[in-house]
Amino acid sequence: MAALISIKSTDDRLEIVNQLLLPHTTEFLEINTVEDAHDAIKTMKIRGAPAIASLAALSLSLHLRRALKASPAPDYLASQDALKAHIDGILAYLFTARPTAVNLGAATRRLGNTLDSSIAAGKDPRTIAQDLVAEGNAVADEDVGRNKEMAKWAGEWLLQRVRDHSPGADTEAGGVNVLTVCNTGSLATSGYGTALGMVTYLHETGKLQKAYYTQTAPYHQGSRLTALELQTLQIPSVMICDTMVGSLFQHHNIHAVVVGADRIAKNGDTANKIGTYNAAVLAARHKVPFIVVAPVSTVDLQVPDGSHIPIEQRPSLEACLVRGILYPTPIDGQAQQVQVMITPPGLEGIYNPSFDVTPAELITAIVTEKGVAVKAEGAAMFDLSPVV
């Protein structure tokens with residue numbers, strides 16, 4: 001079956017699937033302005049670090065394509081200075097939508113660098129705008145290819161790890177079992193996926209027995225999106241509550257935990273969806289390899305360790321609400337989707353971080369499209385230079 005998509009883009013139209021309504025309703029929203037893109041990212045209608053970077057870049061491309069076709073042309077195409085002020089403002093605005101996901105910052109910096117280099121080359125404003133359109137499209141287009149590269153690196157590394165640590169293990173026959181946290185598939189990227197891409201790779205090559213995925217919290221959408229993606233790809237899978245991970249390790253043969261990342265610090269500390277740290281601690285207790293799969297753009301060498309990663313605090317109300325369909329489904333099949341409060345009103349305080357940080361010492365391998373990084377014997381931190 002065909003993989004799901006998060007973004008549809010043509011020269012004249014940009015749409016995203018509204019992930020707040022998935023898996024019960026598939027609704028595409030048109031993104032007409034950079035303000036629409038900012039809102040979609042901030043309200044989590046689109047999610048996943050690579051996907052939000054792609055949407056931000058594509059929204060700028062759409063904005064400039066329309067400007068180039070406009071008659072009369074907008075004032076900011078009249079001079080280099082006017083164009084730079086206009087674009088710098090847009091990029092700064094888009095960057096504020098989600099502070100933790102470094103991919104968004106990497107995309108805006110990349111576009112800013114294209115702007116500056118085109119100006120330095122003495123190009124006229126319309127040519128500079130065309131350069132930015134091409135670069136914005138490239139941010140999204142490059143994502144799928146690198147996802148497939150890192151998925152293969154991670155999958156083959158795990159299979160070799162199982163062979164090395166379990167003499168006589170037949171990875172060709174039964175296949176491996178992996179646990180993942182949150183959604184890292186085609187809905188969280190421009191296609192194929194990062195950690196879930198590794199799961200897909202193992203499935204496609206006949207090396208996967210079963211995928212397990214956590215229900216990170218009743219109000220987080222990640223597990224439901226993962227369920228939808230795995231069903232669509234017909235991958236054998238089991239959903240578990242995040243409080244049951246320890247029990248899973250006690251009673252089932254799990255060969256690895258594989259997760260994505262929203263930001264990886266220079267030493268290997270990794271920010272990911274809340275609940276990832278819990279899984280890492282339990283994996284270490286049970287000697288289950290813990291693998292982070294993410295693109296090079298997720299590695300932030302300017303951040304020395306996880307204590308410097310900004311952690312986004314979501315609105316308190318989000319922790320009190322859950323969306324779903326009425327059960328049982330009506331006989332006529334017209335399921336009604338509703339949003340309900342699952343906590344008593346008037347709570348004095350709610351702790352609702354969107355991410356937690358897994359220390360490098362709990363991570364076995366970090367995989368990018370350039371390869372696999374492991375810690376030196378006895379080291380607590382990573383040297384990421386070979387994979388960035």
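FYI, side chains are in, hydrogens and waters are out, and symmetry mates aren't considered; it's all heavy atoms of this structure. From a predicted model like this one, the values you see are computed outputs, not experimental measurements.
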Tell me whether Met239 at atom CE has more than 12 heavy atoms from other residues, nucleotides or ligands lying less than 6.0 Å away. yes
Contact between Leu362 and Phe290 at the side-chain level, heavy atoms closer than 4.5 Å - yes or no? no
Below 4.5 Å, heavy atoms only, C-beta onward: do Ile264 and Asp300 meet side chain to side chain? no
Asn272 side chain to Phe355 backbone, donor-acceptor under 3.5 Å: no
Quick check on side chain to side chain contact (heavy atoms under 4.5 Å, CB included): which of Asn32, Asp36, Leu62 does Leu14 satisfy it with? Leu62
Near-ring test His255/His165, centroid separation under 6.0 angstrom: no
Are Thr43 and Lys45 close enough that a side-chain donor and a side-chain acceptor fall under 3.5 Å? yes
Let me see the working for Ser190 and Ser54 under side chain to side chain donor-acceptor pair (under 3.5 Å), right down to the final yes or no. CA-CA 7 Å; Ser190 296; Ser54 293; 2.7 Å; yes
Would you say Thr298 and Asn103 are linked by a side-chain donor-acceptor pair, where the criterion is simply a distance under 3.5 Å? yes
Flag, side chain of Glu229 to backbone of Ser186, donor-acceptor distance under 3.5 Å: yes
Assess whether atom CZ of Arg66 is packed by more than 12 heavy atoms of other residues, nucleotides or ligands within 6.0 Å. yes
Do other residues, nucleotides or ligands put more than 12 heavy atoms under 6.0 Å from the CH2 atom of Trp157? yes
Parallel, tilted or perpendicular: ring planes of His252 versus Tyr212, cut at 30 and 60 degrees: tilted
With salt bridge (charged side-chain N to carboxylate O under 4.0 Å, His left out) as the test, would you mind laying out the steps for Lys84 and Asp116 before giving the verdict? CA-CA 8 Å; Lys84 178 171 173 57; Asp116 292 340; 2.9 Å; yes
Has Lys152 got more than 12 heavy atoms of other residues, nucleotides or ligands less than 6.0 Å from its NZ? no
Is there a side-chain contact between Thr26 and Asn18, using heavy atoms and a 4.5 Å cut-off? no
Using a 6.0 Å cut-off, check whether atom NZ of Lys69 has over 12 heavy atoms from anything other than its own residue. yes
Between Ser354 and Glu312, does any side-chain donor sit less than 3.5 Å from a side-chain acceptor? no
Might you work through the side chain to side chain donor-acceptor pair (under 3.5 Å) test for Asp81 and Ser79, ending with a clear yes or no? CA-CA 5 Å; Asp81 289 344; Ser79 70; 5.5 Å; no
Got a donor-acceptor contact below 3.5 angstrom from the Lys370 side chain to the Val388 backbone? yes
Heavy-atom count around Gln302 CD within 6.0 Å, excluding the residue itself: above 12? no
Does a side chain donor of either His38 or Thr96 reach within less than 3.5 Å of an acceptor in the other side chain? yes
Do the side-chain N and O atoms of Thr10 and Asp12 include a donor-acceptor pair separated by under 3.5 angstrom? no
Checking Lys148 against Tyr201: charged group under 6.0 Å from the ring centre and within 45 degrees of the axis? no
Short side-chain donor-acceptor distance under 3.5 Å, Ser118 and Asp131: yes
